[in-house]
Amino acid sequence: MFYRRLHTQILTTLDSLNNGEFTFSDNTAKQDLQLLTQALDASISGVIITDNQQPDNPIIYCNKAFEEISGYSRNEIIGHNCRFLQKEDRQQPQRAALAEAVKKGENVTVEIRNYRKDGTLFWNELYMSAIKDEHGKTCYFIGVQNDVTRRKKAELDLQHQKDKMEKQVEERTRSLRENEEYLASIVQTVRESLVVLNPDLKVLSVNDHFVKTFKVTREETEGKLMYELGNGQWNIPRLKELLENILPTNNPVLEFEVEHDFPHIGKKLMLLNAHRIELEGQFRDRILIAIEDITDRREIERRKDDFLSIASHELKTPLTTIKGYVQVMQKLMPADVSDKLKEILRKTSIYVERLNTLIAELLDVSRIQTGNIELHREPFNFDKMVYETVDHLQAAQESHQIKLSGKATDNYNGDESHIVQVVNNLISNAIKYSPDASLVEVHLSRVSNYIKVAVKDHGMGISPEYHKRIFERFYRVGEIQQRFPGMGIGLYICDQIIKNHGGTLWVESELGKGSTFSFTLPMQERTIND
Ligand code: ADP
């Protein structure tokens with residue numbers, strides 16, 4: 001308002017000057033004019049006046065502040081249209097707003113990019129006010145201007161930051177959504193039933209597979225305690241204990257079998273694995289349970305085992321007869337029989353024996369499967385047994401030297417025939433899987449109250465990922481299958497035999513660097529000699 005009053009007075013004065021009505025002899029007017037001019041020059045806002053009655057609306061007045069803001073001197077300003085301040089930057093929408101206001105003789109406020117004489121940009125906050133005569137015709141415009149570059153820059157920086165952040169948030173949200181969709185599609189595709197529990201073991205969510213497998217709805221599942229589901233199929237004290245222990249101990253539940261007559265789906269065998277979800281934040285302390293229906297798989301395995309058992313029994317009977325006949329033939333053979341026939345009989349006997357061992361092993365497997373393997377413990381001289389086994393193997397083996405060292409005990413209470421089988425198997429494997437080496441070392445020792453036997457070869461070795469699996473039945477390391485004969489059951493039987501005696505069997509090996517198979521057996525009863 002202050003400016004408007006001043007401007008009105010200046011214009012009246014300028015008008016008076018223009019109309020020749022004003023004379024400097026009028027002292028009061030002269031003083032007023034001086035005062036007003038001084039006031040305007042003291043202002044920190046730039047002030048210009050344009051004459052709308054002249055062609056192109058030229059500037060007819062500017063104060064000192066405007067000279068400072070624009071960098072132009074008064075001489076370079078007066079007579080110009082204001083547009084010189086925008087230099088080449090003519091496309092600004094604010095210019096249209098100004099033009100519109102000039103046309104209509106209205107007041108307007110804009111923030112516009114202007115350029116100083118030296119070419120540098122400054123943001124001009126321009127308030128333009130129209131001065132009208134008594135007929136309403138716009139005669140002059142007064143422009144009050146402030147350099148708001150700093151504020152504008154701060155605003156622009158802020159806006160820029162805001163835009164950037166919004167973009168980042170948008171980007172992040174999109175990628176989170178994508179991740180979520182990606183994970184959800186995996187979870188829904190998995191062919192296992194998945195359940196997420198909260199720390200109180202209440203069901204938070206289940207996947208589609210769960211709903212389909214157990215023929216339930218989400219409503220009757222989610223929000224319920226795991227033990228309340230169905231007809232209490234998961235309400236097993238041992239399972240409860242294991243699940244409750246997951247969060248405090250971080251121990252997962254592995255391969256827990258549940259056989260149950262489930263509602264809607266009948267008798268099934270389910271395999272359960274449960275882990276803590278390793279996430280912080282809102283998903284902290286949740287438990288993921290994966291449930292697999294292994295009913296069919298177990299049934300197929302059972303049938304395979306049955307077949308194996310029947311087949312090996314069926315093979316065993318005729319083979320025993322053949323073995324007997326070969327022995328009779330060897331006995332009844334006349335002394336003058338040809339060497340060729342003798343050799344044929346000798347070889348037949350060897351192959352029959354080999355077949356016999358294989359069938360015996362298969363029978364062992366099915367006995368282990370059905371838990372029918374019997375242990376006949378009797379005291380025997382352990383060291384002697386190993387020495388004799390080595391001798392026996394060495395006699396039939398020219399390619400390798402079997403070096404035996406150390407002592408364990410001469411009195412061990414166990415199933416000798418079973419332990420012989422283990423030693424035999426480990427040494428035979430050591431020979432078989434080291435075709436390019438010539439030495440196999442067997443070492444006997446006593447470690448505390450245990451017997452220890454180590455069989456070391458310098459052969460092909462086994463990479464660590466197979467160290468556990470080779471003790472499974474029928475498991476053979478992939479790449480050797482073609483090169484070496486075998487059924488992958490020797491180590492499985494050995495492991496069971498050693499376990500039956502309360503001991504452990506393990507391997508230490510690296511691919512290409514040979515293997516050492518060792519087992520320990522606890523000395524059961526201490527005898528007088530021991
Ligand atoms: P098989 O020898 O009939 O395959 P085993 O149960 O005795 O069956 O052995 C299982 C697998 O373990 C073998 O197929 C072989 O891959 C690996 N293995 C056993 N002993 C050795 C060894 N001394 N060196 C390298 N690999 C071995």
Side-chain angles (χ1 to χ4, degrees), residues 301 304-305 308-309 311-312 315 350-351 353-369 373 386 389-390 392-394 396-405 417-444 452-501 503-520:
E301 274 171 21
K304 217 165 63 187
D305 288 340
L308 205 71
S309 166
S312 34
L315 289 169
I350 290 174
Y351 288 123
E353 196 45 52
R354 213 176 270 176
L355 204 56
N356 202 32
T357 314
L358 282 179
I359 291 169
E361 276 185 352
L362 282 174
L363 276 170
D364 278 348
V365 172
S366 55
R367 275 192 210 113
I368 292 168
Q369 282 312 107
I373 198 146
V386 178
T389 311
V390 167
H392 186 72
L393 283 167
Q394 185 68 80
Q397 199 55 245
E398 281 161 15
S399 59
H400 289 72
Q401 187 211 340
I402 310 169
K403 200 174 136 205
L404 177 57
S405 61
S417 67
H418 281 179
I419 307 283
V420 169
Q421 204 178 332
V422 175
V423 177
N424 230 315
N425 220 310
L426 296 184
I427 299 176
S428 303
N429 276 352
I431 294 168
K432 179 158 80 169
Y433 296 113
S434 64
D436 302 326
S438 57
L439 180 66
V440 169
E441 294 157 87
V442 181
H443 186 69
L444 298 175
K452 183 175 173 187
V453 180
V455 179
K456 179 175 180 176
D457 67 57
H458 302 272
M460 56 190 20
I462 308 160
S463 66
E465 69 255 41
Y466 303 123
H467 285 188
K468 275 221 159 68
R469 298 215 66 188
I470 53 172
F471 296 101
E472 290 172 13
R473 71 195 158 124
F474 305 122
Y475 191 85
R476 309 192 73 210
V477 177
E479 49 267 31
I480 60 104
Q481 302 215 16
Q482 263 69 10
R483 283 178 63 196
F484 302 93
M487 294 193 290
I489 51 177
L491 287 180
Y492 171 72
I493 296 169
C494 292
D495 190 43
Q496 293 297 323
I497 292 174
I498 298 298
K499 273 190 186 133
N500 284 348
H501 284 81
T504 45
L505 167 65
W506 72 97
V507 64
E508 283 155 288
S509 179
E510 262 182 69
L511 195 62
K513 295 199 176 154
S515 314
T516 304
F517 283 83
S518 313
F519 66 85
T520 52

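Treat the numbers as computed from the prediction; the structure is a model and nothing was measured. Numbering of ligands and ligand atoms starts at 1, following listing order.
Between Tyr492 and Phe471, the distance from one ring center to the other does not fall under 6.0 angstrom.
Between Phe519 and Val423 the shortest side-chain heavy-atom distance falls below 4.5 Å. Here the side chains of Phe484 and Asn429 are not in contact, with every heavy-atom distance at 4.5 Å or above. When side chains are defined from C-beta on, Ser518 counts as touching Glu508, because their heavy atoms get closer than 4.5 Å.
Contact atoms of ligand 1 toward Val477: 14 (O), 16 (O) (distance under 4.0 Å to a heavy atom of the residue). For ligand 1 and Met487, the ligand atoms under 4.0 Å from any heavy atom of the residue are 3 (O). The atoms of ligand 1 that sit less than 4.0 Å from any heavy atom of Phe517 are 19 (C), 20 (N), 21 (C), 22 (C), 23 (N). Listed by number with element, the atoms of ligand 1 under 4.0 angstrom from any heavy atom of Gly486 are 3 (O). Short contacts between ligand 1 and Tyr475, defined as distances under 4.0 Å to a heavy atom of the residue, involve ligand atoms 10 (C), 11 (C). Heavy-atom contacts of Gly488 reach the following atoms of ligand 1: 1 (P), 3 (O), 4 (O), 6 (O), 8 (O) (cutoff under 4.0 Å). In summary, the atoms of ligand 1 found under 4.0 Å from a heavy atom of Ile470, numbered by their order in the structure, are 10 (C), 11 (C), 12 (O), 17 (C).
Of all protein heavy atoms, the one closest to atom 7 (O) of ligand 1 is Asn429 ND2, 2.8 Å. Atom 2 (O) of ligand 1 has its closest protein heavy atom at Tyr433 OH, 2.6 Å. Among all protein heavy atoms, the one lying closest to atom 4 (O) of ligand 1 is Arg476 NE, 2.5 Å. Protein heavy atom in closest approach to atom 5 (P) of ligand 1: Leu491 N, 3.6 Å.
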Under the salt bridge (charged side-chain N to carboxylate O under 4.0 Å, His left out) rule, what do Lys304 and Glu301 come out as? Steps first, then yes or no, please. CA-CA 5 Å; Lys304 217 165 63 187; Glu301 274 171 21; over 6 Å; no
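Residue Ile462 holds the heavy atom nearest to atom 26 (N) of ligand 1 of all those in Leu358, Asp495, Ile489, Ile462.
Tyr466 and Tyr475 have tilted rings, their planes meeting at an angle from 30° to 60° on a 0 to 90° scale.
Side-chain contact of His458 with Glu441: a donor-acceptor pair under 3.5 Å is present, judged by distance alone. Donor-acceptor pairing under 3.5 Å is lacking for the side chains of Ser509 and His467.
The proximity of Asp457 to ligand 1, defined as any non-hydrogen pair under 4.0 Å, is limited to the side chain.
Using a cutoff of 4.0 Å between basic side-chain nitrogens and carboxylate oxygens, Asp364 and Arg473 are not scored as salt-bridged.
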